[in-house]
Participant: 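One structure coming up, written as structure tokens, with questions to follow.
These numbers were taken from a predicted model, which means no experiment stands behind them.
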Amino acid sequence: MAVFEKRKSMKVDLDDTIPLTCAIEAAQNVQTHIDYVIRVQRGPVPENSWQINRRYSDFDSLNDQLKVCGMDLPLPPKKVFGNMDREFIAERQQALHKYLQLVLIHHLMSGSIYIKRFLDPTRYPAEMQEAALQHVSMLFRSEPFWEVVEPLKDIGWRIRRNYFLVKPKDQPKVKQVLAWSAYGPDKVLNDKDLLAIMKLLPTIQHPFIYPVTFATANETGGFTIRTFHATGTLRDFICKAKPKHHFLKKYCHPKHTTQFNMMNIKTFGRQILEALKFLQEKGIPYGHLHTGNIMLEGNTCRLLDLENSVLGLPSYYREYIIQFKKVITTEAVDVYCFGHVLFEMTFGGPLNAPSKDDFPHTVPAPIKSVLESILNTEPLKTKLPTIDDLLADPLFADVPVGNLSSIQLRVSSKLKDPLKVAKESGVEKRLKEDAKQIASYRRLNKAQAHHYSDEEKKKRKRASAKKRMSQQQTISEQPVSPAASDESGSTANGSVSDVTSPASPMSTSSTPEPEVKE
């Protein structure tokens, strides 16, 4: 490599939000222990699967890691004697399979680094945190205005995003948070355009967008610095959690949660919608709305992580989004995610499902109407409301937000095209491809399920029996062939035939020749 050759950006093509599914296929006796053979699949494509072997001690170690969730997970107990008996192994295999299925249906737990490493160890190395610290240290050589106070380990759900508490050298009492993110699978911009967009972020001054102090990018990924806020995000407030704690401890199974009243929901909802409208008008793709990306300052909500889309990072709700062919634009994604945020503010917890058609009658009618317009199955299949539609809804229309028309953000003409490329060729292109693939596999599975259903089996059995009867009837009604009669020398009733077939190679005379005596 030449001394001054520019290094290429490192991009992670693997989408960590694609769910993993698995099944324990067998148990093998390996000398002194039992290996459980697990078939793991990523996404809906059966060909994208592999096998791993895990022993009981591996499950036990995984369970120890997941204890931070505060949930009582049904791991089968240890057994010292008789653990090589065939019946016991079969029972344990079933129990371990049930354990894995319970873990994998939990949205946060299934996406954690613990589960990913357990099921896919080759793609999730153990030294990811150390590598991130090295990237930050290298950055501060060229930007020597901050120093790292401590790593904020696992405070967020993203596997390839790391947080550090930093402080400016000239203001040692000021606490700030640096976030480093590896480039994701939707990154399509070149380094020059990406850096220019990152430099744009600190210039955004909006009452409902959390300010960025510093932003840059290099070949390793994107860096942002924001002021540390002690009360944390909207999700921290809902779960009554401390921002510095492990995200699984904060959000998996909170002991107490907060439900917002009507006034808070109206106010916070309107503020979030105004921020989304501003970003859409400026051509800045977002698509990353969730309660963990909303900072709560008193009575004001402010959006976080505006850089995610240009860095190519997948959405928090992407696993749900790709199940709907109509949610394939960043605008539609913003609306869909807003529905989940509204649900969480209303009920004090996440929906944990792609859609919902039955809301309790206790939900106030104005809130219920908006939730149904976004999260019901029908609008998700046909058409969602727009941001303008939601702003005009009676639930949010009368909320005062001050004069927002004076807010200015100059996006140069040179950046408008790259922003459009990041939106259409990055985020939306892969959304469309994945939604199409999901729909294709759904049709295939539906056809297979229909084909192997009991009713279809009965229909095919009846049709087969009817066909056999029809064939037998046709054979019985078919006239006897003269050639066949001549060759057999008899008719159906056993009498000798007096007729010789004209086509027969025998004599054309109908009377047999007289026998010659010697």
Participant: Any side-chain to backbone donor/acceptor pair from Ser369 onto Pro366? Under 3.5 Å, distance only.
Facilitator: no
Participant: Indicate yes or no: does Asp358 engage Lys356 in a salt bridge with an N to O separation below 4.0 Å.
Facilitator: yes
Participant: Nearest heavy-atom pair of Tyr251 and Thr233: which atoms, and what distance?
Facilitator: OH-OG1, 4.0 Å
Participant: If we only count heavy atoms from C-beta on, is the Arg318 to Arg430 side-chain gap below 4.5 Å?
Facilitator: yes
Participant: Once the angle between the rings of Phe223 and Trp180 is folded into 0 to 90°, is it parallel (under 30°), tilted (30 to 60°) or perpendicular (over 60°)?
Facilitator: tilted
Participant: If you take all heavy atoms of Pro350 and Glu344, which pair is closest and at what distance?
Facilitator: N-CG, 3.9 Å
Participant: Given side chains that start at C-beta, do those of Tyr114 and Leu62 come closer than 4.5 Å, heavy atoms only?
Facilitator: yes
Participant: Taking all heavy atoms of Leu384 and all of Ser373, pick out the closest pair and write down the distance.
Facilitator: CD2-O, 3.9 Å
Participant: Given 3.5 Å as the limit, does a donor-acceptor pair link the side chain of Lys175 with the main chain of Leu165, or not?
Facilitator: no
Participant: If the test is ring pair (Phe, Tyr, Trp, His ring centres under 6.0 Å), which one of Phe343, Phe396, Tyr286 qualifies with Phe338?
Facilitator: Phe396
Participant: Between CD1 of Ile115 and CG of Leu104, what distance do you get to the nearest 0.5 Å?
Facilitator: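 Ile115 CD1 to Leu104 CG: 6.0 Å, rounded to 0.5 Å.
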Participant: Using 0.5 Å steps for rounding, measure from the CD1 atom of Ile113 to the CG atom of Asp154.
Facilitator: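 Reported value, rounded in 0.5 Å steps: 8.5 Å.
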Participant: Examine distances only and state if a side-chain atom of Ser425 and a backbone atom of Ala422 form a donor-acceptor pair shorter than 3.5 Å.
Facilitator: no
Participant: Any donor and acceptor pair, going by atom type alone, linking the side chain of Gln437 with main-chain N or O of Ala439 inside 3.5 Å?
Facilitator: no
Participant: Find out whether Thr216 and Lys199 are in side-chain contact, i.e. whether some heavy atom of one side chain is under 4.5 Å from a heavy atom of the other.
Facilitator: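 In short, these two side chains touch, coming nearer than 4.5 Å.
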Participant: Answer yes or no: is there a side-chain heavy-atom contact under 4.5 Å between Lys250 and Ile155?
Facilitator: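 Yes, their side chains come closer than 4.5 Å.
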Participant: Is it true that atom NZ of Lys169 has more than 12 heavy atoms of other residues, nucleotides or ligands lying nearer than 6.0 Å?
Facilitator: yes
Participant: Under the side-chain contact (heavy atoms from CB on, under 4.5 Å) criterion, do Asn308 and Arg161 qualify, and how do the steps go?
Facilitator: CA-CA 11 Å; Asn308 283 3; Arg161 166 168 281 174; 2.7 Å; yes
Participant: Parallel, tilted or perpendicular for Trp146 and Phe140, by the 30°/60° rule?
Facilitator: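 Correct class here is parallel.
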Participant: Under 4.0 Å between a Lys/Arg side-chain N and an Asp/Glu carboxylate O for Asp305 and Arg226?
Facilitator: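 Yes, charged N to carboxylate O under 4.0 Å.
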Participant: Is Gln323 reaching over with its side chain to a backbone N or O of Glu319, donor-acceptor style, under 3.5 angstrom?
Facilitator: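 Judged by distance alone, yes, a pair lies under 3.5 Å.
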Participant: Answer yes or no: is there a donor N or O on one side and an acceptor on the other, between the side chain of Arg42 and the main chain of Ile18, under 3.5 Å?
Facilitator: no
Participant: Is it the case that atom NZ in Lys368 sees more than 12 heavy atoms from other parts of the structure closer than 6.0 Å?
Facilitator: yes
Participant: Hey, does Ile209 have a side-chain heavy atom less than 4.5 Å from the side chain of Leu279?
Facilitator: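 Yes, at least one pair of side-chain atoms sits under 4.5 Å.
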Participant: Is it true that the side chains of His229 and Thr231 contain a donor and an acceptor less than 3.5 Å apart?
Facilitator: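 Yes - a donor-acceptor pair under 3.5 Å links their side chains.
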Participant: How many angstroms lie between atom CD of Glu433 and atom CD1 of Ile322, to the nearest 0.5 angstrom?
Facilitator: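 With rounding to 0.5 Å, CD (Glu433) is 12.0 Å from CD1 (Ile322).
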Participant: Any donor-acceptor pair under 3.5 Å linking the side chain of Ser440 with the backbone of Lys436?
Facilitator: no
Participant: Where do Phe164 and Leu133 land on the side-chain contact (heavy atoms from CB on, under 4.5 Å) test, with the steps shown first?
Facilitator: CA-CA 9 Å; Phe164 300 87; Leu133 182 57; 3.7 Å; yes
Participant: What is the distance from atom CG of Asn264 to atom CE of Met345, rounded to the nearest 0.5 Å?
Facilitator: 9.0 Å
Participant: Is the charged tip of Lys326 near the ring of Tyr336: under 6.0 Å from the six-membered ring centre and within 45° of its axis?
Facilitator: no
Participant: For Lys423, is there an ion pair with Glu428 - N to carboxylate O distance below 4.0 angstrom?
Facilitator: yes
Participant: OG1/Thr122 to OH/Tyr124 distance, rounded to the nearest 0.5 angstrom?
Facilitator: 9.5 Å
Participant: Salt bridge check, Arg160 against Asp16: does any charged N sit closer than 4.0 Å to a carboxylate O?
Facilitator: yes
Participant: Looking at Thr386, is its backbone amide N or carbonyl O close enough to the side chain of Asp389 to form a donor-acceptor pair, meaning the two atoms are under 3.5 Å apart?
Facilitator: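 Yes.
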Participant: Answer whether the closest heavy-atom distance between the side chains of Tyr320 and Leu351 falls below 4.5 Å.
Facilitator: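 Result no, sub-4.5 Å side-chain heavy-atom pair not found.
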Participant: Does the Gln176 side chain pair with the main chain of Ile225, one donor and one acceptor, at a distance under 3.5 Å?
Facilitator: no
Participant: Any side-chain heavy atom of Val148 sitting closer than 4.5 Å to one from Ser137?
Facilitator: no
Participant: Ignoring hydrogens, what is the shortest heavy-atom contact between Leu375 and Ser355? Give both atom names and the distance.
Facilitator: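 The pair with the smallest heavy-atom distance is O-CB, 3.2 Å.
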Participant: Can Asp398 and Lys266 be counted as an ion pair, charged N to O under 4.0 angstrom?
Facilitator: yes
Participant: For atom NZ of Lys244, is the number of surrounding heavy atoms from other residues, nucleotides or ligands below 6.0 Å larger than 12?
Facilitator: yes
Participant: Can Leu311 and Leu194 be said to form a side-chain contact (heavy atoms from CB on, under 4.5 Å), step by step?
Facilitator: CA-CA 8 Å; Leu311 295 178; Leu194 178 58; 4.2 Å; yes
Participant: Within a reach of under 6.0 Å around NZ of Lys416, are more than 12 heavy atoms found that belong to other residues, nucleotides or ligands?
Facilitator: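 For Lys416, atom NZ is not crowded (no more than 12 foreign heavy atoms under 6.0 Å).
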Participant: Ignoring hydrogens and angles, write down the donor-acceptor pairs under 3.5 Å from the side chains of residues 292-299, residues two or more places apart or on other chains.
Facilitator:
{"residue": "Asn293", "atom": "ND2", "partner": "His288", "partner atom": "O", "Å": "2.8"}
{"residue": "Glu297", "atom": "OE1", "partner": "Arg302", "partner atom": "NH1", "Å": "2.9"}

Participant: May I ask you to say whether Glu424 pairs ionically with Lys429, meaning some side-chain N is under 4.0 Å from a carboxylate O?
Facilitator: no
Participant: Could you tell me whether the side chain of Asp388 reaches within less than 4.5 Å of the side chain of Gln280, counting heavy atoms only?
Facilitator: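 In short, these two side chains do not touch, never coming nearer than 4.5 Å.
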Participant: Restricting to non-hydrogen atoms, name the atom on Tyr317 and the atom on Cys337 that form the minimum distance, rounded to 0.1 Å.
Facilitator: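 Nearest pair, atom of Tyr317 first, then Cys337: CD1-SG, 3.7 Å.
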Participant: Drop me the distance from Leu289's CG to Ile272's CD1, to the nearest 0.5 angstrom.
Facilitator: 6.0 Å
Participant: Any donor-acceptor pair under 3.5 Å linking the side chain of Asp334 with the backbone of Gly287?
Facilitator: yes
Participant: Testing the basics here: between Lys187 and Val310, what is the closest heavy-atom pair and its distance to 0.1 Å?
Facilitator: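 In this case the closest contact between Lys187 and Val310 is CG-O, 4.4 Å.
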Participant: I need the single residue from Tyr163, Tyr316, Phe247 that forms a ring pair (Phe, Tyr, Trp, His ring centres under 6.0 Å) with Trp157. Which is it?
Facilitator: Tyr316
Participant: Quick one: do Asp120 and Val40 satisfy side-chain contact (heavy atoms from CB on, under 4.5 Å)? Show the steps, please.
Facilitator: CA-CA 8 Å; Asp120 192 8; Val40 186; 5.9 Å; no
